[in-house]
Amino acid sequence: MKKLKFQQQFNLNYSLNCGQTFNWTNQDDCWYGVIKNDVYCLKQDDNVIYIDSTDSDCINTMKKYFRYQDNYELIISCISLDPFIQTAIQNFSGLRLIRQDPWECTLSYLCASNTNISNIRKMLDNLSKKFGNRLTFHDKQFFTIPSPSTLSNAYLSDLIKCKVGYRAKYIKRSAVFIDQNSYIFDELKIMNLINARKKLSDSCEMFGVGPKIADCILLFSHDMLDSFPIDTRILQTIKQYYRYLLDPEMYKIQNDKSTLTSYQYEYLSKIMIDYFGPYAGYAQEFLYCQYGLSDKFTR
DNA sequence: GGTTGACCTGG
DNA sequence: CAGGTCAAC
């Protein structure tokens, strides 16, 4: 059992359970999860997390994963720009962005289109059980996220057995591409957000990755903290609380079709990033969580 | 270039 | 209807 003490605010439950990552489970008063080829068991007490793991270097892994070096106070003060987000920040104080492995993140969000969080969890779980490696820890079974190489060799029919539906062909094709071109993730890291998003979403090789999923990949696994993914929740939030930021021309976004055209997406993204600044991605995560709260009361 | 409908699956 | 994207107008 090792300890990691955070100097600034940190909340493990919010960070693991806010819809950024989908392969952590809470069992026996402990968060269990797999990163690459290791199992981690995490508990929080005040600003300390207690780590039990198969990874001998787990402290450093956790520091990276939970963005230990981010200046949390500074980031929060930069995005605390209006009463609405201030409320969200208070409600989810200690929520942090997570730095995921690029492929694990890509696979997760390939599963995420037009479905809900519990279903994303199930799809990833099915894929890991069928194609991942089995690990045993604390007398429990865990499975690694399957590699691009494994999934590139998978039959479409076996992917479909994992209940991923029409996403099977996205997963297969993207796995084939990443298996042979894994350097693309390094190329993306030195690009700016606009170009990186374009490269990911325009590439027909990254089949199934549009602008929204591209933004998630860039925010959660490429350190692009200005990325501001716009999903249905965020779109509703913008309509309700940030409409005043939009050009009058763009008011037509009010028509209640839930999906955005790529043009509308890029426009809204620019507006929100201009507003929230270089840490817009943190703002997005607070707004996403806040919507989860208010949704239950207003609908 | 901007719209529209189909799409696996589960609650 | 849910953390969207693709293919056809």
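Quick note: numbers below take in every heavy atom, side chains included, and nothing from hydrogens, waters or symmetry partners.
Within the nucleic acid shown, A:Tyr265 has no heavy atom closer than 4.0 Å to any nucleic acid atom. Residue contacts shown for A:Phe207 are limited to sugar-phosphate atoms, with no base heavy atom under 4.0 Å away. A:Ile117 comes within 4.0 angstrom of sugar-phosphate atoms only, judged by non-hydrogen atoms across all strands, and of no base. Nucleic acid contact for A:Gly19: base, since at least one base atom lies under 4.0 Å from a heavy atom of the residue.
Within the structure, ring-ring contact (aromatic ring centres under 6.0 Å, His included) contacts touching residues 172-204 of chain A (residues at least two apart or in different chains) are A:Phe185-A:His222.
One can place CZ of A:Arg167 at 11 Å from P of B:dG10, the figure rounded to the nearest angstrom. Straight-line distance from the CZ atom of A:Arg173 to the P atom of C:dT5: 15 Å, rounded to whole Å. In this structure, NZ of A:Lys161 is placed 17 Å from C1' of B:dC8, rounded to the nearest angstrom. A:Asp202 places its CG atom 13 Å from the P atom of C:dA7, with the value rounded to the nearest Å. When rounded to the nearest whole Å, the span between CD1 of A:Ile171 and C1' of C:dG4 equals 14 Å. Rounded to a whole Å, the CG atom of A:Leu260 is 18 Å from the P atom of B:dG1. The interatomic distance linking A:Tyr267 (OH) with B:dG2 (P) rounds to 14 Å, in whole Å. One atom, NZ of A:Lys122, and another, P of C:dA2, lie 17 Å apart when rounded to the nearest Å.
Within the cation-pi definition used here (under 6.0 Å to the ring centroid, within 45° of the axis), A:Arg233 qualifies as a partner of A:Tyr288. A cation-pi contact, defined as under 6.0 Å to the ring centre and within 45° of the axis, links A:Arg173 to A:Phe207.
Between the side chain of A:Tyr166 and the base of C:dG4, a donor-acceptor pair under 3.5 Å is found.
Between A:Thr259 and C:dT5 there is no side-chain N or O to OP1 or OP2 distance below 4.0 Å. Between B:dT3 and A:Thr261, a contact under 4.0 Å exists linking OP1 or OP2 to a side-chain N or O.
Checked by atom type, the side-chain pair A:Tyr40/A:Thr54 shows no donor-acceptor distance below 3.5 Å.
With both pairing distances under 3.5 Å, B:dT3 is matched to C:dA8 as a Watson-Crick or G-U wobble pair.
Between A:Tyr14 and A:Phe92, the ring center distance clears the sub-6.0 Å criterion.
Here B:dC8 is the nucleotide among B:dG11, B:dG2, B:dC8 with the atom lying nearest to any side-chain atom of A:Lys169. The nucleotide whose nearest atom lies closest to any side-chain atom of A:Tyr263 is, among B:dG10, C:dT5, B:dG2, B:dG2. Closest to the side chain of A:Asn119, from the set C:dT5, B:dC8, B:dG10, is B:dG10. For A:Lys163, the side-chain atoms get nearest to B:dG10 when compared with the rest of B:dC7, C:dT5, B:dG10.
Each of A:Arg233 and A:Tyr170 lies near DNA chain C, and the nucleotide nearest A:Arg233 is the one positioned closer to the 5' end. Residue whose closest nucleotide on DNA chain C sits further toward the 5' end, between A:Asn116 and A:Ser203: A:Asn116.
Atom name P, nucleotides C:dA8 and B:dC8: the rounded distance is 14 Å, in whole Å.
A donor-acceptor pair is defined here as one N or O able to donate and one able to accept, closer than 3.5 Å; such a pair exists between the side chain of A:Asn11 and the backbone of A:Asn13.
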